[in-house]
Amino acid sequence: MDEDQSSEETTFVVDEITTVIKEAVESTIGNSSYQHSKINQWMSSIVESSLSQLTKLGKPFKYIVTSIILQKNGAGLHTASSCFWDNSTDGSCTVRWENKTIYCIVSVFGLSI
Amino acid sequence: MEEYHSGDEVSFSPDDASNVVKECIEGIIGGVDYSQNKVNQWTASIVEHTLTQLVKQGKPFKYIVNCAVMQKSGAGLHTANSCYWDTTTDGSCTVRWENRTMYCVVSVFAVAIAL
């Protein structure tokens, strides 16, 4: 019977998604310093490559990927999310990444179809 | 069956959601200055109130509400969203609000539930 396998494929697996996102961020801004002129490109690249890697996983989910890039300047930033969904199948994960000049926060929300 | 008046598919109305969000933000941080020890409370209240108001509308949607509050201090902030969903029924809206001492960005994502 394939029942166990199919239930694993229809729940949101945080570890797998975290790995996918970390790779997408590292490969886009891994060694760079904050540069105002490149930000738009970086942002688009991070969300698009994350989303295409996630859809390649082939699971029956709708995805929302949100990304924030903040220059390290001493400013305070606070974020919060609230979700109304099906707890047994849907989930989210947030990856916080930083280097010497940039903070990058990427959140992925997965909603099962 | 005549259960739904306006057809079987309900789509997301960004204008309605945007009004709900603006009222929530104004009600919580309308006339105040950035305060480090209160900001956690504010972001939590904003997302919870917004979510409650949206759910009260009774539409067949799952919601995600995201809020970011940032102190005005000259730093650069950039955000981006990318979504993989059904474009005929799902949608999002983002509201940017500011006062003298802080910026607040709230995004609402609504994903239709298949009935």
**Request:** Could you pull out the closest heavy-atom pair between A/A80 and B/A44, with the gap in Å?
**Result:**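 Looking at all heavy atoms of both residues, the closest pair is CB-N, 4.3 Å.
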**Message:** On a heavy-atom basis, which atom in A/L77 and which in B/A68 lie closest, and how many Å separate them?
**Reply:**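 It is CD1-CB, 4.3 Å.
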**Item:** Between A/I64, A/V106, A/I113, the one whose heavy-atom pairs under 4.5 Å with chain B are most numerous
**Value:**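 Of A/I64, A/V106, A/I113, A/I64 has the most heavy-atom pairs under 4.5 Å with chain B.
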Same cluster or not: are [X] and [Y] linked, directly or through other Ile, Leu, Val, Met, Phe, Trp or Tyr residues, by side-chain heavy atoms under 4.5 angstrom apart?
| X | Y | value |
| --- | --- | --- |
| B/M70 | B/I29 | no |
| B/F61 | B/F109 | no |
| B/M102 | B/V21 | yes |
| B/I113 | B/V65 | no |
| B/V95 | B/V69 | yes |

Check chain A and chain B for donor-acceptor pairs under 3.5 Å and report each one on its own line.
| residue | atom | partner | partner atom | Å |
| --- | --- | --- | --- | --- |
| A/Y34 | OH | B/H78 | NE2 | 3.2 |
| A/K62 | NZ | B/D90 | OD2 | 2.8 |
| A/Y63 | N | B/Y84 | O | 2.9 |
| A/Y63 | O | B/Y84 | N | 2.7 |
| A/V65 | N | B/S82 | O | 2.7 |
| A/V65 | O | B/S82 | N | 2.7 |
| A/T66 | OG1 | B/N81 | OD1 | 3.3 |
| A/S67 | N | B/A80 | O | 2.7 |
| A/S67 | O | B/A80 | N | 2.8 |
| A/I69 | N | B/H78 | O | 2.8 |
| A/I69 | O | B/H78 | N | 2.9 |
| A/Q71 | N | B/G76 | O | 3.2 |
| A/Q71 | OE1 | B/G76 | N | 3.0 |
| A/G76 | N | B/Q71 | OE1 | 3.2 |
| A/G76 | O | B/Q71 | N | 3.2 |
| A/H78 | N | B/V69 | O | 2.9 |
| A/H78 | O | B/V69 | N | 2.7 |
| A/H78 | ND1 | B/N40 | OD1 | 3.3 |
| A/H78 | NE2 | B/Y34 | OH | 3.4 |
| A/A80 | N | B/C67 | O | 2.7 |
| A/A80 | O | B/C67 | N | 2.7 |
| A/S81 | OG | B/N66 | OD1 | 2.4 |
| A/S82 | N | B/V65 | O | 2.7 |
| A/S82 | O | B/V65 | N | 2.7 |
| A/F84 | N | B/Y63 | O | 2.7 |
| A/F84 | O | B/Y63 | N | 2.9 |
| A/D90 | OD1 | B/K62 | NZ | 3.4 |
| A/D90 | OD2 | B/K62 | NZ | 2.7 |

**Asked** Which pairs, with at least one residue in residues 74-84 of chain B and sequence neighbours excluded, count as a salt bridge (Lys or Arg N to Asp or Glu O under 4.0 Å)?
**Response**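 The answer is none; no pair qualifies.
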**Request:** Would you mind listing every salt bridge (Lys or Arg N to Asp or Glu O under 4.0 Å) that reaches into residues 104-113 of chain A, with sequence neighbours excluded?
**Result:**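 Every candidate salt bridge (Lys or Arg N to Asp or Glu O under 4.0 Å) pair involving residues 104-113 of chain A fails, so no pair, neighbours aside, qualifies.
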**Asked** Between B/C104, B/C83, B/A112, which residue shows the highest count of heavy-atom pairs closer than 4.5 Å to chain A?
**Response**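 If we count pairs closer than 4.5 Å to chain A, B/C83 comes out on top.
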**Request:** Against chain A, work out which of B/G74, B/A75, B/A80 has the most heavy-atom pairs shorter than 4.5 Å and name it.
**Result:**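 Among B/G74, B/A75, B/A80, the one with the most close pairs to chain A is B/A80.
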**Asked** What part of B/V55 lies closer than 4.5 angstrom to a heavy atom of chain A: side chain, backbone, both or neither?
**Response**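 Just the side chain, heavy atoms under 4.5 Å.
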**Side chain, backbone, both or neither of A/L51 within contact of chain B (heavy atoms, under 4.5 Å)** =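 Side chain of A/L51 only, per the 4.5 Å heavy-atom cut-off to chain B.
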